[in-house]
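Following: one structure in C-alpha cells, then a few remarks.
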Amino acid sequence: MNGILKTDVEAGGYGEKWKNESGSGSESFTANDVIEAYESGTKDGEKRLLERITSLIHKKTVLAMEICEQIWLYLEEHGFEPISLHLKRNDIAAYSALCVVREEKYLSEEFGEVYEFVFSLVDKVNTNEYHLGIHFLPFSESYNKEMVLADGFVYSYNAA
C-alpha cells in the first residue's frame, strides 16, 4: 500500500460534490506526509496553548499585584505602617499574598478595619476561576525574609 489515497480525503469525508484542486500530481499521501502533518499540527497546537496559558497567568498575576498595591496604600493611608508585601502563585489562577506589618499595629483593635477592607476587596475579584488569599504577619525579631522567599513568596512589592 502506497499510503492514503488523496481521493479518500479530498472532500474531508463530507460528500462527493467537493474535490481537491490543489494541483498536486501525486495520487496518494505517504505515511511520512501523514506523520509530518500530525507532528506539525501537534506542535502548532501546543504552541497556541502555551501562549494562551502564559497570557492568562500574566493577566491574573497583574490583577493580584494591583490588589496587593491597593492594600498597601490602604495600610499606609490609615497609619498601619506596612513593612513588606509578598506574593506567590499557587496555581494558574490562585495566589497568596503576605503582608508584614508592625506588631503593635497588627495587635491593635483598629486592625479589624484592615480585615474589613481586605475582605470587601477580595470578595469583588474572587470567583470559581480566580482566588487571592491575603495573610498578615506581625513583624518581630524572628522575622526572616529568606524564609518568606523559601515559602514561595517570590514577588516582593517595592513601594519606593
Side-chain angles (χ1 to χ4, degrees), residues 4 9 11-14 18 20 22 29 31-160:
I4 300 170
V9 294
Y14 294 107
W18 293 91
N20 184 344
S22 66
F29 293 108
N32 286 340
D33 290 336
V34 174
I35 291 170
E36 269 184 45
Y38 173 79
E39 288 177 346
S40 175
T42 300
K43 287 177 186 174
D44 288 347
E46 288 172 351
K47 181 180 175 187
R48 283 194 304 264
L49 180 60
L50 182 59
E51 288 171 356
R52 289 180 67 198
I53 290 172
T54 301
S55 175
L56 175 68
I57 289 171
H58 177 76
K59 288 176 187 175
K60 300 299 183 182
T61 302
V62 168
L63 176 61
M65 290 175 171
E66 289 171 350
I67 293 166
C68 288
E69 285 183 50
Q70 290 178 41
I71 293 168
W72 181 275
L73 293 173
Y74 178 89
L75 292 169
E76 279 187 327
E77 290 170 2
H78 291 84
F80 290 104
E81 304 172 33
I83 295 172
S84 63
L85 179 59
H86 311 278
L87 182 67
K88 77 174 178 178
R89 184 171 18 109
N90 302 319
D91 203 337
I92 289 177
Y95 296 83
S96 294
L98 179 64
C99 186
V100 181
V101 296
R102 301 209 179 282
E103 188 172 27
E104 61 274 7
K105 298 291 184 175
Y106 179 77
L107 296 174
S108 71
E109 286 186 33
E110 295 83 25
F111 201 75
E113 298 168 12
V114 173
Y115 281 105
E116 288 178 30
F117 172 77
V118 169
F119 288 147
S120 69
L121 193 59
V122 296
D123 279 349
K124 293 176 186 173
V125 296
N126 282 350
T127 64
N128 289 339
E129 292 84 30
Y130 181 82
H131 181 78
L132 174 62
I134 309 293
H135 308 277
F136 291 95
L137 178 68
F139 182 79
S140 66
E141 296 293 323
S142 62
Y143 172 75
N144 184 335
K145 185 175 179 182
E146 297 303 316
M147 290 178 73
V148 171
L149 292 172
D151 278 343
F153 290 91
V154 295
Y155 300 104
S156 295
Y157 181 63
N158 183 4

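It should be emphasised that the depicted structure is a prediction, and the values quoted were computed from it without experimental measurement.
- Rounding to the nearest 0.5 Å places CG of L85 at 10.0 Å from CE of M65.
- Between S96 and H131 there is no side-chain heavy-atom pair separated by less than 4.5 Å.
- In this structure, H58 NE2 and I53 CD1 are separated by 16.0 Å, a value rounded to the nearest 0.5 Å.
- Every residue meeting the side-chain hydrogen bond (donor to acceptor under 3.5 Å, both in side chains) condition with S140, not counting sequence neighbours, appears here in chain and number order: S142.
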Problem set entry | Test side chain to side chain contact (heavy atoms under 4.5 Å, CB included) applied to L137 and C99, step by step | CA-CA 6 Å; L137 178 68; C99 186; over 6 Å; no
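- For S40 (side chain) and E36 (main-chain N/O), no donor-acceptor pair under 3.5 Å exists by modelled atom type.
- Within the 4.5 Å cutoff, no side-chain heavy atoms of K43 are placed close to those of K47.
- When side chains are defined from C-beta on, E81 does not count as touching V101, because their heavy atoms never get closer than 4.5 Å.
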Exercise. After noting the C-alpha distance and the side-chain angles of V122 and I134, does the key distance pass the side chain to side chain contact (heavy atoms under 4.5 Å, CB included) rule?
Worked result: CA-CA 8 Å; V122 296; I134 309 293; 3.8 Å; yes
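- To the nearest 0.5 Å, the span separating NZ on K145 from CD1 on I83 amounts to 12.0 Å.
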For this session: Using the side chain to side chain contact (heavy atoms under 4.5 Å, CB included) rule, take Y143 and S84 through it: C-alpha gap first, then chi angles, then the decisive distance, then the call.
Result: CA-CA 11 Å; Y143 172 75; S84 63; 3.2 Å; yes
Name the atoms and distances for all side-chain donor-acceptor pairs under 3.5 Å in residues 107-121, with sequence neighbours left out.
from: S108; atom 1: OG; to: K105; atom 2: O; distance (Å): 2.7
from: S108; atom 1: OG; to: E110; atom 2: OE1; distance (Å): 3.4
from: S120; atom 1: OG; to: E116; atom 2: O; distance (Å): 3.4
from: S120; atom 1: OG; to: F117; atom 2: O; distance (Å): 2.8

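- Across every non-hydrogen atom of L87 and A64, the tightest pair is CD2-CB, 3.8 Å.
- With sequence neighbours excluded, the residues satisfying ring-ring contact (aromatic ring centres under 6.0 Å, His included) with H78 are Y74.
- In this structure, the separation between CG on N90 and CG on L132 is 9.5 Å, given to the nearest 0.5 Å.
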For this session: Any chance you could lay out the side chain to side chain contact (heavy atoms under 4.5 Å, CB included) test for L50 and E46, step after step, and finish with the verdict?
Result: CA-CA 6 Å; L50 182 59; E46 288 172 351; over 6 Å; no
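- The shortest heavy-atom contact between G152 and K88 is O-CB, 2.7 Å.
- A pairwise comparison of heavy atoms in Y157 and E69 identifies CE1-CG, 3.3 Å as the closest pair.
- Side-chain contact check for Y95 and T61: at least one donor-acceptor pair (N or O, by modelled atom type) lies under 3.5 Å.
- You'll find the side chain of V125 reaches within 4.5 Å of the side chain of I67, heavy atoms only.
- The line from CG of D151 to CG of L98 is 8.5 Å long, rounded to the nearest 0.5 Å.
- Although no hydrogens or angles enter the test, the distance criterion places no donor-acceptor pair under 3.5 Å between the side chain of K60 and the main chain of I92.
- Across all their heavy atoms, E146 and N144 have their closest contact at N-OD1, 2.9 Å.
- Interatomic distance, R52 CZ to T54 OG1, rounded to the nearest 0.5 Å: 11.5 Å.
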